[in-house]
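Please read the structure below before turning to the comments.
Quick caveat: nothing in here was measured; it's all calculated off a predicted structure. Each chain gets a letter, A, B and so on, in the order the sequences are listed, and its residues count up from 1.
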Amino acid sequence: MRPLNYDIEIFSYALYKVLTKHCWVIKLGSFADVYTTNNILSGYTKCKELGVACKLFDEMTHRDSVSWNTMIAGCVNSGNFDTAWVFLKTMKRCGFDADGYTFGSILKGVAGAYRLGLGQQVHSTIVKMGYEGNVYAGSALLDMYAKCERVEDAYAVFQCIPERNSVTYNALIDGFVQVSDLGSAFWLLDCMEKEGVRLDDGSFAPLLTLLDDAAYYKLTMQMHCKIIKHGLAFDNTVCNATITSYAECGSLEDAKRVFEGAIGSRDLVTWNSMLAAYLVHEKELAFKLFVDMQGLGFEPDFYTYTSVISACFEKVHKDHGKSLHGLVIKRGLEKSVPISNALIAMYLKLNNKSMEDTLHIFDSMESKDRVSWNSMLTGFSQCGFSEYTLKLFAQMRSLLVEIDHYAFSAVLRSCSDLATLQLGQQVHVLAIKSGFTSNDFVGSSLIFMYSRCGIIEDAQKSFEETSKDSSITWNSIIFGYAQHGQGEFSLNFFFQMRERKVKLDHITFVAVLTACSHIGLVEEGHNFFKSMEIDYGIPPRMEHYACVVDLFGRAGRLLEAKTLVESMPFEPDAMVWKTLLGACRVCCDIELATEVASHLLELQPEEHCTYVLLSNMYGNLRRWDEKASVTRLMRESKVKKVPGWSWIEIKNEVHAFNAEDRFHPHCAEIYHRLGELMEEIKWLDSTASLDVIMPSFDHE
DNA sequence: ATAGGGTTAG
């Protein structure tokens with residue numbers, strides 16, 4: 001049981017004071033001067049009593065520019081930017097000029113609403129009226145540009161302000177932080193020190209958010225020193241940001257030390273920051289902290305819930321995840337969009353290939369944001385429900401949900417899974433129109449789509465359009481050429497990547513090993529595998545072992561494949577066994593196949609491929625009894641062979657078939673034409689002087 | 001009596 005909260009606040013003390021003053025003025029009759037009324041007006045706006053303030057403003061017989069400025073500031077600070085703008089217009093019409101106060105307030109509103117166009121209008125008025133150098137108007141203007149991601153403009157404004165103070169600097173620092181320009185942000189900090197402008201909490205907090213990588217650990221420590229030097233070690237905001245920086249640099253110890261030092265001045269953000277730190281490094285302690293903070297009376301907010309929920313992505317934490325879902329319902333937080341989004345993401349990761357829970361949450365959400373839609377889109381796409389991805393995408397478009405790079409990437413991946421070129425091209429056009437083709441994720445999906453649809457030239461073109469400084473797109477183009485059997489090109493890209501000092505990752509090596517295996521470069525592939533940890537610091541994972549098993553297997557070097565699996569530093573998973581089983585089939589080694597299959601049957605008894613493959617191998621060897629026993633085992637395990645499908649896209653419609661399928665409305669014509677084609681092939685075969693290599697139709 | 005900046009998730 002949690003204690004009931006009895007201190008329900010009807011009026012804040014501040015509001016009480018304003019009300020008393022107002023009553024007193026009314027009692028005295030209508031002799032209150034503008035000065036006193038403005039004072040009360042301001043009191044109401046500070047208490048967010050905008051309605052009362054408006055009424056009082058209407059009743060005023062004499063208003064001066066302070067009255068107008070107070071109303072504008074009041075509207076902006078309570079989030080009513082449009083009303084503020086109306087007040088500004090009316091003010092001008094009533095013959096009052098805007099001043100530094102007016103510009104400061106209205107620009108704060110413009111910045112909060114990200115209305116760059118309006119901001120530029122205000123800018124021209126400021127210049128016209130000579131307020132460019134006013135530190136309040138100028139700082140607000142600078143901040144508006146910074147928030148609208150126009151940091152160059154912000155800097156231009158900065159240079160027009162003759163006497164800059166901490167606020168001016170801090171706003172510009174944050175502008176550079178927003179565009180991840182660490183260098184400029186630090187340079188400004190130096191300038192402040194040289195010019196003798198006081199560094200305060202607002203100078204450090206935004207900067208610290210950029211120190212989010214192990215590479216910045218030393219820098220973080222240096223910043224921490226500076227913070228202590230400037231007497232800000234116990235400042236709440238700075239402490240909170242420092243905790244996060246240390247955690248993201250990988251030092252839980254330092255984060256903990258700052259957290260412990262902040263005892264007594266901890267707020268909800270402090271707890272949330274430490275929670276996030278623990279979630280990355282020591283999950284069990286995080287769950288404990290989640291309980292502890294509530295014991296101390298801190299009511300979790302959506303930051304708390306989204307962090308702790310998103311940490312439940314592994315099977316071991318499934319119970320925690322479900323409990324948290326229950327807690328969310330119990331506390332009536334289901335309506336929170338970010339929390340629901342976190343739950344969707346959690347179930348997507350926990351429920352392998354099942355969308356049931358996710359769909360349930362998504363459907364019951366009264367309002368959804370872009371993240372909700374994108375999560376579903378990505379979920380469908382990753383679970384292989386490609387048609388649903390496309391349907392959902394169409395729905396998003398008709399509901400005018402903004403399509404961003406996440407959406408494009410997911411839907412393009414589904415197009416590539418379905419190998420539906422025309423649809424893929426349509427989505428590509430949309431992506432061009434909305435300017436997303438240079439995004440790495442979109443670019444990577446485009447490369448996959450074109451490569452999968454057989455047009456490697458267009459995959460290459462899509463690659464050329466990306467920035468080429470992230471491994472994401474390089475990996476995709478390497479995969480693309482590998483898929484097309486042009487492994488030499490793949491390796492060439494790998495070498496270029498190395499030359500350009502693009503950071504390689506574990507996926508790069510999966511791509512390279514795939515390329516080698518597809519063109520039979522056994523030695524080269526094996527060498528890459530051996531050097532990936534030594535020369536590149538990337539330890540081989542399960543999928544790399546699977547690739548090398550495949551590499552040996554395709555080359556008929558079964559013994560080496562087998563030895564590699566035996567030497568693995570961790571237990572092989574189903575993927576590795578499956579690859580080895582494939583190698584056994586190529587090499588017709590039934591003994592090893594039987595052994596490998598036994599591991600697979602244990603790990604994935606529901607997987608029909610294993611039974612079918614083994615049964616076929618016995619069949620080929622005419623070992624009928626054993627074949628029969630495999631078939632029996634399959635029947636006993638209630639496993640059914642899933643027939644393979646083929647499909648073709650004609651005029652933007654997908655026609656799917658499986659063997660001996662007679663359901664298509666144009667079935668008769670199709671089979672007739674098929675018969676003609678077969679005749680043609682036979683005729684070609686009989687007239688060919690060279691050996692015609694017939695494709696072996698694989699119906700397994 | 002009226003004005004400008006900053007910390008936590010994904």
Side-chain angles (χ1 to χ4, degrees), chain A residues 21 32-46 63-74 76-77 98-111 131 134-144 146-147 154 157 161 164-175 177-178 199-209 232 235-245 247-248 262 267-277 279 300-311 337-339 341-342 344-346 369-372 374-375 406:
Chain A
K21 197 184 279 178
D33 55 5
V34 192
Y35 187 96
T36 314
T37 318
N38 281 344
N39 187 339
I40 297 170
L41 200 62
S42 158
Y44 279 132
T45 59
K46 292 228 165 75
R63 302 179 190 119
D64 61 7
S65 58
V66 175
S67 323
W68 287 99
N69 286 343
T70 307
M71 286 316 290
I72 292 172
V76 167
N77 290 329
D99 60 13
Y101 289 93
T102 326
F103 288 126
S105 298
I106 202 68
L107 282 167
K108 183 183 179 182
V110 174
Y131 278 95
N134 177 299
V135 70
Y136 285 97
S139 303
L141 184 62
L142 180 167
D143 181 56
M144 185 278 297
K147 288 218 167 59
V157 174
I161 306 172
R164 305 145 185 165
N165 60 20
S166 310
V167 177
T168 323
Y169 269 102
N170 294 352
L172 189 58
I173 290 179
D174 191 50
V177 168
Q178 293 312 314
L199 279 78
D200 64 10
D201 42 0
S203 325
F204 288 104
L207 231 161
L208 286 164
T209 62
L232 295 162
D235 180 275
N236 216 234
T237 313
V238 178
C239 267
N240 297 345
T242 314
I243 291 174
T244 306
S245 288
E248 307 220 304
D267 64 1
L268 188 55
V269 179
T270 321
W271 285 95
N272 285 345
S273 306
M274 198 59 221
L275 180 73
L279 284 171
D301 64 356
F302 80 92
Y303 282 104
T304 325
Y305 282 109
T306 50
S307 319
V308 76
I309 289 170
S310 62
V337 175
I339 294 181
N341 289 346
I344 288 179
M346 178 190 84
D369 67 1
R370 215 164 19 147
V371 178
S372 331
N374 286 343
S375 304
Y406 288 99

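No side-chain N or O of T36(A) forms a donor-acceptor pair with one of N39(A) less than 3.5 Å apart. With hydrogens and angles left out, the side-chain atoms of D99(A) and N134(A) include no donor and acceptor closer than 3.5 Å.
The side-chain contact (heavy atoms from CB on, under 4.5 Å) with I161(A) is formed by just one residue from the set L141(A), V135(A), L172(A); it is V135(A). Tested against I309(A) for a side-chain contact (heavy atoms from CB on, under 4.5 Å), the candidates I344(A), N341(A), T304(A), I339(A) yield a single pass: I339(A).
Residue contacts shown for D267(A) are absent, as no nucleic acid heavy atom lies under 4.0 Å away. Nucleic acid contact for T209(A): sugar-phosphate only, since backbone atoms but no base atoms lie under 4.0 Å from a heavy atom of the residue. Using a 4.0 Å heavy-atom criterion, one finds that T168(A) contacts the bases of the nucleic acid, with or without backbone contacts as well. Residue N341(A) is classed as having no contact, given no heavy-atom separation below 4.0 Å to the nucleic acid. Contacts of G104(A) with the nucleic acid, taken as non-hydrogen atoms under 4.0 Å apart, involve only primed sugar atoms and P, OP1 or OP2. Note on F302(A): a base of the nucleic acid sits closer than 4.0 angstrom, heavy atoms only. No contact: V177(A) has no heavy atom under 4.0 Å from any strand. Contact annotation for T70(A): backbone-only contact, meaning every heavy-atom pair under 4.0 Å involves sugar-phosphate atoms and none involves a base. Residue contacts for K147(A): at a heavy-atom cut-off of 4.0 Å it reaches the sugar-phosphate backbone alone, with no base atom in range. At the heavy-atom level, N165(A) lies under 4.0 Å from base atoms of the strands shown.
Residues satisfying the ring pair (Phe, Tyr, Trp, His ring centres under 6.0 Å) test with Y136(A), not counting sequence neighbours, are none. D143(A) meets the salt bridge (Lys or Arg N to Asp or Glu O under 4.0 Å) test with K147(A); sequence neighbours excluded.
The side chain of P338(A) lies closest to dA9(B), out of dG4(B), dA9(B), dA3(B). Taking only side-chain atoms of V371(A), from C-beta outward, the nucleotide of dG4(B), dG10(B), dT2(B) with the closest atom is dG10(B). Among dT7(B), dG4(B), dT2(B), the nucleotide with an atom closest to any side-chain atom of V135(A) is dG4(B). Comparing dT7(B), dA3(B), dA1(B) against the side chain of D64(A) picks out dA1(B) as the nearest. Closest to the T244(A) side chain, of the nucleotides dT7(B), dT2(B), dT8(B), is dT8(B). In the set dT8(B), dT2(B), dG4(B), dG4(B) carries the atom at the smallest distance from any side-chain atom of K108(A). Among dT8(B), dT7(B), dA9(B), the nucleotide with an atom closest to any side-chain atom of S310(A) is dA9(B). For S307(A), counting side-chain heavy atoms from C-beta on, the closest listed nucleotide (dG10(B), dT7(B), dA9(B)) is dA9(B).
Residue-to-nucleotide contacts include no donor-acceptor pair under 3.5 Å from the side chain of N39(A) to the base of dA1(B).
Taking atom CH2 of residue W68(A) and atom C1' of nucleotide dA1(B), one finds them 17 Å apart after rounding to whole Å. One atom, CG of L199(A), and another, P of dT7(B), lie 16 Å apart when rounded to the nearest Å. Atom C1' of nucleotide dA1(B) and atom CG of N38(A) are separated by 6 Å, given to the nearest angstrom. One atom, OH of Y35(A), and another, P of dT2(B), lie 8 Å apart when rounded to the nearest Å. At whole-Å resolution of the value, CG in N272(A) and P in dT8(B) are 11 Å apart. Rounded to an integer number of Å, the gap from D99(A) CG to dT2(B) C1' is 8 Å. Per the geometry, CG belonging to L268(A) stands 13 Å off P belonging to dT8(B), to the nearest Å. Atom CD in E248(A) sits about 14 Å away from atom P in dT7(B), given to the nearest Å.
A side-chain donor-acceptor contact under 3.5 Å links T244(A) to the backbone of N240(A).
Stacking is not found between Y303(A) and the pyrimidine-like six-membered ring of the dA9(B) base under the 5.5 Å centre-distance and 30° plane-angle cut-offs.
Phosphate proximity of dT2(B) to K46(A): present, with a side-chain N or O under 4.0 Å from OP1 or OP2.
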